Peer 1: 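Dumping the structure here so I can ask a few things about it.
These figures come from a predicted structure and were not determined experimentally. Hydrogens, waters and symmetry mates play no part in the numbers below; they use all other heavy atoms, side chains included. Atoms within each ligand, like the ligands themselves, are counted from 1 in listed order.
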Amino acid sequence: MNKISAAHQQTGLTPEQQEQIAAAAQILRSGGTVAFPTETVYGLGADAANPSAIQKIYRIKQRPVDHPLIVHIGAISGLHHWAQAIPESAWKLAQHFWPGPLTLILPRSAHIPDCVTGGQDTVGLRMPAHPIALALLRALGEEKALAAPSANRFGRISPTVAAHVRQELGMEVDMILDGGMCQVGLESTIISFHDEIPQILRPGGISPAAIEAVLQSPVLLAHHRPQTIRASGTLPAHYAPVTPLRLYPTAELWRYASALAEQGLRVLVITWSDSDHLRPALNRLIEQSAMPSDPATYGQQLYATLRQADQSGFDYLLVETPPDHLDWLAITDRLQRASYH
Ligand code: TXA
Ligand code: MG
């Protein structure tokens, strides 16, 4: 068996994919940018040790430079290289959930460029669970890592298929690796070990309950209560479609849709429950997108649905408030940020 087909058996990647990954690694080594698939969303990657390559990411994304990037690594052992004073609980989570949708915020190593960490003394690290991302990291070699935010313009919706990246950033990125549709569809859970009790800064693919079960101790949730978010008014708009998006409980949803339609506005109503008994007649002004009622599939489809809606000329997106349950936490978080105005 030749080298390439042996590798195919090992990784499940086709020879074409392996060639593209080798080309991508070469681009990254010479300071270029490559968009690549992960299990959460597509990332826009550059060599984490190359400040001028990192600058390109900020430029392409139009992202403020004080917003730190997540560093993607190909093996748990890479933690030693990129972080220091790593608490036992962080090791436990890495061993249990990596590769997977969990980002650990840890004290940074001295050699990490400031532009990666936004000048902070911590660094976000994650080992992604996607065969293409892992093969790319392996091709780059040990002690190499990819600084990569989501591959979208700052504040907009993260891409969950390669075509989204092409549409939004296509001209500016040196290469886009196509890995199909992202399985999780929402960004990773971010957990900080800055204080004694670990704190979830962003809910995501790994639930707080799953983390607590591994640590056998409680974790804190930053801003997990909707009321707190609205009252404080400090949360910036993020993960947002261009079309105004509003969240309404099931009972009010269709009433608002009718009221907007009466003003001649075109509305897309995005539901998860069976609210047909409340639904007015659908017509040119009121359309419905019925989403799955289980959070995993809903989460996988949410961003693609919002992107599609954005391109369909609606005046408003009315979204049914998700169930008040921890399994829906990441979805509720993204929708609340998308509706912030
Ligand atoms: O699933 C994901 O996490 C995706 C894929 C590509 O891995 N990446 C992603 O990156 O969502 P980005 O840049 O769009 O969001 C990263 C978030 C930002 O809100 C950033 O502020 C936070 O992580 N972050 C990164 N490093 C941090 C640090 N040292 N301290 C606090 N927050 C940090
Ligand atoms: Mg992002």
Side-chain angles (χ1 to χ4, degrees), residues 33-46 48 54 57-58 60-74 82-84 90 97-109 112-130 132-134 136-137 145-162 164-165 168-169 173 176-177 179 182-195 198-206 222-223 235-240 299-300 302-303 330 333-334 337-338:
T33 57
V34 173
F36 63 97
T38 82
E39 80 282 30
T40 59
V41 300
Y42 275 72
L44 173 59
I54 303 293
I57 291 183
Y58 283 96
I60 293 172
K61 274 197 68 111
Q62 297 163 7
R63 176 177 173 123
V65 289
D66 57 350
H67 274 249
L69 306 179
I70 293 174
V71 175
H72 296 69
I73 57 180
W82 298 98
Q84 53 182 325
F97 292 110
W98 283 2
L102 182 69
T103 297
L104 308 176
I105 306 289
L106 293 165
R108 67 187 271 194
S109 300
I112 300 183
D114 277 336
C115 53
V116 171
T117 64
Q120 306 193 55
D121 54 8
T122 54
V123 61
L125 291 161
R126 144 171 146 80
M127 180 179 174
H130 193 291
I132 291 182
L134 289 173
L136 181 60
L137 286 162
L146 284 173
S150 51
N152 51 279
R153 300 249 192 250
F154 184 68
R156 302 256 77 94
I157 301 164
S158 299
T160 51
V161 296
H164 296 166
V165 184
E168 196 163 320
L169 308 176
V173 183
I176 300 172
L177 289 171
C182 300
Q183 214 162 36
V184 177
L186 297 174
E187 302 81 358
S188 61
T189 302
I190 300 181
I191 186 163
S192 162
F193 295 89
H194 191 269
D195 300 310
Q199 186 177 31
I200 294 180
L201 302 181
R202 178 177 74 184
I206 307 265
H223 323 290
L235 205 67
H238 219 91
Y239 309 108
Q300 189 185 37
L302 176 62
Y303 287 161
D333 171 77
R334 302 307 188 275
R337 297 191 205 214

Peer 1: Where is the tightest heavy-atom contact between P128 and P99, given as atom of each residue plus distance?
Peer 2: O-CB, 3.3 Å

Peer 1: What atoms in ligand 1 come closer than 4.0 Å to a heavy atom of T40?
Peer 2: 1 (O), 2 (C), 4 (C), 5 (C)

Peer 1: Any atom of ligand 1 sitting under 4.0 Å from a heavy atom of R202?
Peer 2: yes

Peer 1: Within ligand 1, which atoms have a heavy atom of H72 less than 4.0 Å away?
Peer 2: 5 (C), 6 (C), 7 (O)

Peer 1: Any donor and acceptor pair, going by atom type alone, linking the side chain of R153 with main-chain N or O of I60 inside 3.5 Å?
Peer 2: yes

Peer 1: Is the closest N or O pair between R63 and ligand 1 shorter than 3.5 Å?
Peer 2: yes

Peer 1: Heavy-atom distances under 4.0 Å are what count here, so tell me which part of R108 touches ligand 1: side chain, backbone, both or neither.
Peer 2: neither

Peer 1: Between S188 and ligand 1, is there a nitrogen or oxygen pair with a distance under 3.5 Å?
Peer 2: yes

Peer 1: Check each atom of ligand 1 against the heavy atoms of E187 and keep those under 4.0 Å away; list them by number with element.
Peer 2: 1 (O), 2 (C), 11 (O)

Peer 1: I'd like to know: is the Mg ion (ligand 2) within the 2.8 Å range of an N/O/S atom from S150, strictly under that distance?
Peer 2: yes

Peer 1: Using only atom types and a distance under 3.5 Å, with no angle test, would you say the side chain of Q84 pairs donor to acceptor with the backbone of R108?
Peer 2: yes

Peer 1: What do you reckon, does V123 put a non-hydrogen atom under 4.0 Å from ligand 1?
Peer 2: yes

Peer 1: Decide yes or no on salt bridge (charged side-chain N to carboxylate O under 4.0 Å, His left out) for R126 and E187, but give the supporting numbers first.
Peer 2: CA-CA 11 Å; R126 144 171 146 80; E187 302 81 358; over 6 Å; no

Peer 1: Okay, side chain of T189, backbone of I206: is any donor-acceptor separation there less than 3.5 Å?
Peer 2: yes

Peer 1: Any protein heavy atom under 4.0 Å from atom 7 (O) of ligand 1?
Peer 2: yes

Peer 1: Look at atom 16 (C) of ligand 1 and say which protein heavy atom is nearest, naming residue and atom and giving the distance to 0.1 Å.
Peer 2: I70 CD1, 3.6 Å

Peer 1: For ligand 1, find out whether one of its N or O atoms is nearer than 3.5 Å to an N or O atom of T38.
Peer 2: no

Peer 1: Which atoms of ligand 1 have any heavy atom of I190 under 4.0 Å away?
Peer 2: 17 (C), 22 (C), 23 (O)

Peer 1: Where does I105 meet ligand 1, judged by heavy-atom distances below 4.0 Å: at the side chain, the backbone, both, or neither?
Peer 2: side chain

Peer 1: When you measure from the side chain of S109 to the backbone of I112, do you find a donor-acceptor pair of N or O atoms at a distance under 3.5 Å?
Peer 2: no

Peer 1: Is it the case that more than 12 heavy atoms not belonging to Q300 sit under 6.0 Å from its CD atom?
Peer 2: yes

Peer 1: Within ligand 1, which atoms have a heavy atom of T122 less than 4.0 Å away?
Peer 2: 28 (C), 29 (N), 30 (N)

Peer 1: Any sub-3.5 Å donor-acceptor pair from R63's side-chain atoms to I57's backbone N or O?
Peer 2: no

Peer 1: Do the side-chain N and O atoms of R156 and S150 include a donor-acceptor pair separated by under 3.5 angstrom?
Peer 2: no

Peer 1: Do the side chain of Y58 and the main chain of H67 share a donor and acceptor less than 3.5 angstrom apart?
Peer 2: yes

Peer 1: With no hydrogens and no angle check, do the side chains of S188 and T103 hold a donor and an acceptor under 3.5 Å apart?
Peer 2: yes

Peer 1: From the options G43, P128, P68, G124, select the one whose nearest heavy atom is closest to atom 24 (N) of ligand 1.
Peer 2: P68

Peer 1: Can you list the ligand 1 atoms lying under 4.0 Å from a non-hydrogen atom of S150?
Peer 2: 8 (N), 9 (C), 10 (O), 12 (P), 14 (O)

Peer 1: Below 3.5 Å, N or O to N or O, backbone or side chain included: is there any such pair between Y42 and ligand 1?
Peer 2: no

